[in-house]
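Keep in mind that what you see is a predicted model, and the values were worked out from it rather than measured.
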Amino acid sequence: QVQLVESGGGLVQAGGSLRLSCAASGRTLSGYAVGWFRQAPGKEREFVATIRWITGATYYSESVKGRFTISRDNAKKTGYLQMNSLKPEDTAVYYCAARAASTWPVINGYDYWGQGTQVTVSS
């Protein structure tokens, strides 16, 4: 019902910035949360941020709060993750995901996932 394609990853120096995009298609995202997750080699998948599509309410993990900003463009049906002050420990494959927002914030239970985009932060 929801298809997601993320893009915008790449190689960046520590302290730099990247903006990830998550293009959605299929049904309307009203009533959904769209989140960002990341997974580094040998580590578990980690919640990064989420946004309640209809209201724009946001929620962040403590590790990225103040550095990352999640947003969405309703007309383009696209979510974004602006990443500033990047650190080597931010290196991971980043995924966007969507789920019906039954509670808030929602950090688990996402049903639809993009293919992932690699973010590498050099030191």
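- Other residues, nucleotides and ligands contribute only 12 or fewer heavy atoms inside 6.0 Å of the OH atom of Y59.
- At least one side-chain heavy atom of T69 sits under 4.5 Å from a side-chain heavy atom of Y60.
- Looking only at side-chain heavy atoms (C-beta outward), L20 and V119 come within less than 4.5 Å of each other.
- For the atom pair OG (S30) and CG (N74), the distance works out to 7.5 Å, reported to the nearest 0.5 Å.
- In this structure, V121 is a member of the same hydrophobic cluster as L18, with clusters built from ILVMFWY side-chain heavy atoms closer than 4.5 Å.
- Atom OG1 of T50 is separated from atom CD1 of I70 by 5.5 Å, given to the nearest 0.5 angstrom.
- Atoms CG and CD1, on L29 and I51 in that order, are 10.5 Å from each other to the nearest 0.5 Å.
- Interatomic distance, CD of Q115 versus OH of Y95, reported as 9.0 Å (0.5 Å rounding).
- With contacts defined as side-chain heavy-atom distances shorter than 4.5 Å, the pair S63/E46 qualifies.
- Side-chain contact check for T91 versus R38: every heavy-atom pair is 4.5 Å or farther apart.
- To the nearest 0.5 Å, atoms CZ (R19) and OG (S7) are separated by 9.0 Å.
- The hydrophobic clustering, which links ILVMFWY residues whose side-chain heavy atoms are closer than 4.5 Å, places W53 and W36 together.
- In this structure, W113 and F37 have tilted ring planes: the angle between them lies in the 30° to 60° band.
- How far CZ of F47 is from CD of E62: 10.5 Å, rounded to the nearest 0.5 Å.
- Using the six-membered ring where Trp is involved, F68 and Y94 have ring planes that are tilted, between 30° and 60° apart.
- The shortest distance between side-chain heavy atoms of R67 and M83 does not fall below 4.5 Å.
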